[in-house]
Amino acid sequence: MQTHSVYADYSATTPVSQEVLQAMLPYFTESFGNASSIYQIGRKNEAAILNARANIAQCLGADPKEIYFTSGGSESDNWAIKGAVDALKMQRKRHIITTAFEHHAVLNTCQFLENHGFEVTYLPVSSNGMVNPQDVEKAIRSDTAIVSVMCVNNEIGTIQPISQIGEICHEHSVLFHTDAVQAIGNIEIDVKQQNIDMLSISGHKFHAPKGIGVLYVRNGINISNLIHGGGQEMGKRAGTENTAGIVGISKALEIAVSHIAEKNERLTPFRNRLIEGLLQIKGTRLNGDRIQRVCNNVNISIEGIEGESLILLLDMQGIQASSGSACSAGSLEPSHVLTAIGLERESAHSSLRLTFGENFNETDLQYILKVVPECVEKLRNISPLWKGGQK
Amino acid sequence: MQTHSVYADYSATTPVSQEVLQAMLPYFTESFGNASSIYQIGRKNEAAILNARANIAQCLGADPKEIYFTSGGSESDNWAIKGAVDALKMQRKRHIITTAFEHHAVLNTCQFLENHGFEVTYLPVSSNGMVNPQDVEKAIRSDTAIVSVMCVNNEIGTIQPISQIGEICHEHSVLFHTDAVQAIGNIEIDVKQQNIDMLSISGHKFHAPKGIGVLYVRNGINISNLIHGGGQEMGKRAGTENTAGIVGISKALEIAVSHIAEKNERLTPFRNRLIEGLLQIKGTRLNGDRIQRVCNNVNISIEGIEGESLILLLDMQGIQASSGSACSAGSLEPSHVLTAIGLERESAHSSLRLTFGENFNETDLQYILKVVPECVEKLRNISPLWKGGQK
Amino acid sequence: MNYSQKVLEHFVNPRNSGEMENPDAVGVSGSEKCGDITRIYLNIKNNIISEAKFQTFGCCAAIATSSVTTELLQGKTIEQAMQLTESDIVQALDGLPPDKMHCPAVAEQAVKSALSDYQAKHAKKGKLL
Amino acid sequence: MNYSQKVLEHFVNPRNSGEMENPDAVGVSGSEKCGDITRIYLNIKNNIISEAKFQTFGCCAAIATSSVTTELLQGKTIEQAMQLTESDIVQALDGLPPDKMHCPAVAEQAVKSALSDYQAKHAKKGKLL
Ligand SMILES: Cc1ncc(COP(=O)(O)O)c(C=O)c1O
Ligand SMILES: Cc1ncc(COP(=O)(O)O)c(C=O)c1O
């Protein structure tokens, strides 16, 4: 029955590419030594890690000593924020600024810190999903320790004015952290030019495996450890080095950043046509700015239907997509991102996110534009909330 | 020149076995979906994780809901201790009991907590490397939150009376955590029978990959999250699930626990002969109890020579071993484990740890017994501290 | 989230879906805010449910639940229908994932609400006559 | 920890190692507690180092450092030997890993201590005669 298939959930996760897997494989079996050991198979792993650190630093405009390996984006976000405020607690900096539509790795970290005596300002975002740098400036206080604003929102794909926000933070001597998990491979990152003090990355969002991430921490900034123990990662993050993962994320990042221009050129027209095509369906709206968004993200609300059932119908037709972020799937809460941009809870339950990969093509586009309206029609036919456009 | 080779540093890390690698491979590429997604390739991963959780629970005598996946032993240790004391802070439980010879993942976590208002008792260990349960009992106070004592010491391989210590903790309503990183595959673990409330495991110590670990937390015990964010791991540990690693550690644990008896039977005689053979070298002593030790650990101090140079000479002869724990290699500090069992700093610098694998054989034994004395002789010839046994 | 074959089948081919013209009773339950809303329509002849239809806004489980519920209602007396329980519905679907166990309550409530609607109207009519 | 070929070569085949019988000067440096101890022996004829030997308890870098130091000393005058620096030693080894940069200081100090030992004895002798 199913005539075609399109995985359109690249923002949730991506497959490990063959090139990355091949680079990793030797480190599972032959070259498995502990990178902290002094004999040769250990030193060989140490050399592979040094190499990866240097390579990643170059991809981000950083220094190798500023690159720390973690278990993923969530750990990086947690470490950056908790580590920074812990290191600053003697200076009585007990205020944190973030936004209402961050990933839960940031939001729940902030909430945890609220329970531990910190105060958090959650900045609003505009109806097109943008953070206003002026809002950041207004929120900064003398006791502000850190500002955390994401580079690219994971649900609606909007690209934030990171560089300006960083500049404002530096003018006020406040640390600036950004969650760049969804930015890698889509937009250029240069930590120095963009005034970034700390930056989180997660490998599996760009064809490296799950369970490996990076935190960039600018030289001279001291953050407390999140995971204490052995002297790995220059004494800042304990745990036997995941050499295979480290080699994998290095290779994947290199490939991702070298294809940004090509990817944007290729995908932007598809994204635009997809948006136009889907907005032909009655009772739909685009979530997030039409221009200031990454080239592979489309997010629409569709009146009268509920997201999960649409996702399942689409899956049966070979299209993998998501509704709200993958992390909140299975929860009944409407997406906090969509409510942050002003959607009613009902429309927040009715969203469809399509995020596509480098190889997205004309056939994929046509297939989605054929199948989505059919599935929407089917669900609207049984919906008590849909009266053909006039509720 | 090199006639044979023996990797004898299994306590530092192990290669991923072919069986484990094969189990993992599909999850990197074909079955890569996000386990939290609701479409089929996501649900397939979710099912693989559920399976792994159940399998691991069975291996440890636990309930699947008591098994949480982490990024390794260090994270598990950090989470168990920090999470427990944070959850208990309202009850004013500000005292922690551990031992002087724990892994740094435990010791440095405790030190961090000392800087945050907690008090820590570091119990002494006997000269043969054993913790006395009575010492635990004496140290317990009304404000003791948690006791953390390792199952098996990573340097000297001594097996601790975990079950008794757990019983004492429960009599006094104190939580009991054990770092079982070095126990897996060597001794039987049954968390219920052994009165264990929390238990840490690291995959790469038993042929799973680096970067994956487990924390067992007994039902009904509430610990604060260490990594906040998405709802993964029943809301207790955020981060997109490392499905490949999870499938890998499950497979590896299953294999490890099903071979404990066989491994002990096979390796104990080798261990004993190795100890006897090496103690033939003048000016040597065994570190750690001769009987209460895992079947694959030999640790001796060798007067007059320094550990790192011995390790390098051995490496040139194809023998990979370590001196002190792998984690402290590169640091000039003598092993805290060896000083804890009463060695002078000099002898603590002169240790050799051999930890061997399942396939260790007669040739390996003979080779080690030939090469080690030669290398020791060579180094003693240039040592100012060696006068043929009479200093 | 693993749905039984039965659930998926009802989801893809829902029975008795859509609005009913001139129903004898209508019941609504759930809340759009929670992401679930179900309307049950009944035709009742001689105390027996001769036809049941539904409309649902909600997840796969909610839709399958409504669909199977309309099947279960068919041919039942009002008294029998009143006794329909959540677990009858779950059983008819060969089970539901733990996260979705709230769905049958929504359907059950919609049915109850339709039936009391009918009984109220009927009682009134009876009295008036 | 990556050692140069030169370091490894000196480590595996140390030059001039072992105790010297009847040395003209002996110097010791380092501390066993830090894991490093080096003894330098010198034979000195007419103000020139005719023979240098060493004994070292320590890591690969410490042993290689001592070994190369004895080579550097051979044939030098006392004044030249006094000017031997850590960086001369590091250079002679084609570099050392960052963690091991303390080793040359131990060797240098042992040399200095041997030389001052010699000068002290020599000066005394001169005065006595
Ligand atoms: C006893 C013990 N605990 C904890 C750890 C830490 O494990 P990992 O390095 O995998 O985080 C190790 C290994 O290094 C260990 O031997
Ligand atoms: C913006 C953002 N931040 C953080 C994360 C967390 O990354 P991970 O799940 O790899 O820990 C994600 C992905 O889930 C994300 O999209």
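Below, chain A is the first sequence line, B the second, and so on; all start at residue 1.
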Using only heavy-atom distances, determine whether the side chains of A/Asn34 and B/His204 contain a donor-acceptor pair under 3.5 Å.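 No.
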Between A/Phe112 and B/His228, how do the two ring planes meet: parallel, tilted or perpendicular, split at 30° and 60°?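 If you compare the ring of A/Phe112 with that of B/His228, the planes turn out tilted.
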Heavy-atom proximity to chain B below 4.5 Å, by part of [X]:
X	value
A/Ala244	neither
A/Phe69	neither
A/Asn78	side chain
A/Ser31	neither

Should [X] and [Y] count as side-chain neighbours, where that means a heavy-atom distance under 4.5 Å?
X	Y	answer
A/Asp9	B/Ser37	yes
A/Leu25	B/Leu21	yes
B/Val16	A/Phe32	no

What are the two closest non-hydrogen atoms of B/Ala321 and A/Tyr39, and how far apart are they? O-CE2, 3.1 Å
Could you report the tightest heavy-atom contact between B/Lys82 and A/Leu226, atom names first, then the distance? NZ-O, 2.7 Å
Side chain, backbone, both or neither: which part of B/Thr14 has a non-hydrogen atom closer than 4.5 Å to chain A?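 Just the backbone, heavy atoms under 4.5 Å.
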How many angstroms lie between CG in B/Asn242 and CG in A/Asn242, if you round to the nearest 0.5 Å?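 Going from CG on B/Asn242 over to CG on A/Asn242, the span is 8.0 Å.
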Measuring from atom OG1 of B/Thr29 to atom NE2 of A/His207, what distance do you get when rounded to the nearest 0.5 angstrom?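 If we round to the nearest 0.5 Å, B/Thr29:OG1 and A/His207:NE2 are 12.5 Å apart.
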Counting heavy-atom pairs under 4.5 Å with chain A, which one of B/Gln18, B/His116, B/Glu241 comes out on top?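 The answer is B/His116.
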If you tally heavy-atom pairs under 4.5 Å between each of B/Glu30, B/Met24, B/Lys89 and chain A, the highest tally belongs to B/Lys89
In terms of heavy-atom pairs under 4.5 Å with chain B, which of [options] leads?
options	result
A/Ser71, A/Ala35, A/Gly211	A/Ser71
A/Val106, A/Ile41, A/Asp86	A/Asp86
A/Gly73, A/Pro15, A/Ser74	A/Pro15

Taking atom NZ as the centre, does B/Lys236 end up with more than 12 heavy-atom neighbours from other residues, nucleotides or ligands that are less than 6.0 angstrom away? yes
CD of B/Gln40: more than 12 outside heavy atoms within 6.0 angstrom?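 At most 12 heavy atoms, drawn from other residues, nucleotides or ligands, come within 6.0 Å of this atom.
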Under a 3.5 Å distance rule, please check whether B/Lys210 uses its side chain to pair with a backbone N or O of A/Tyr27 as donor and acceptor. no
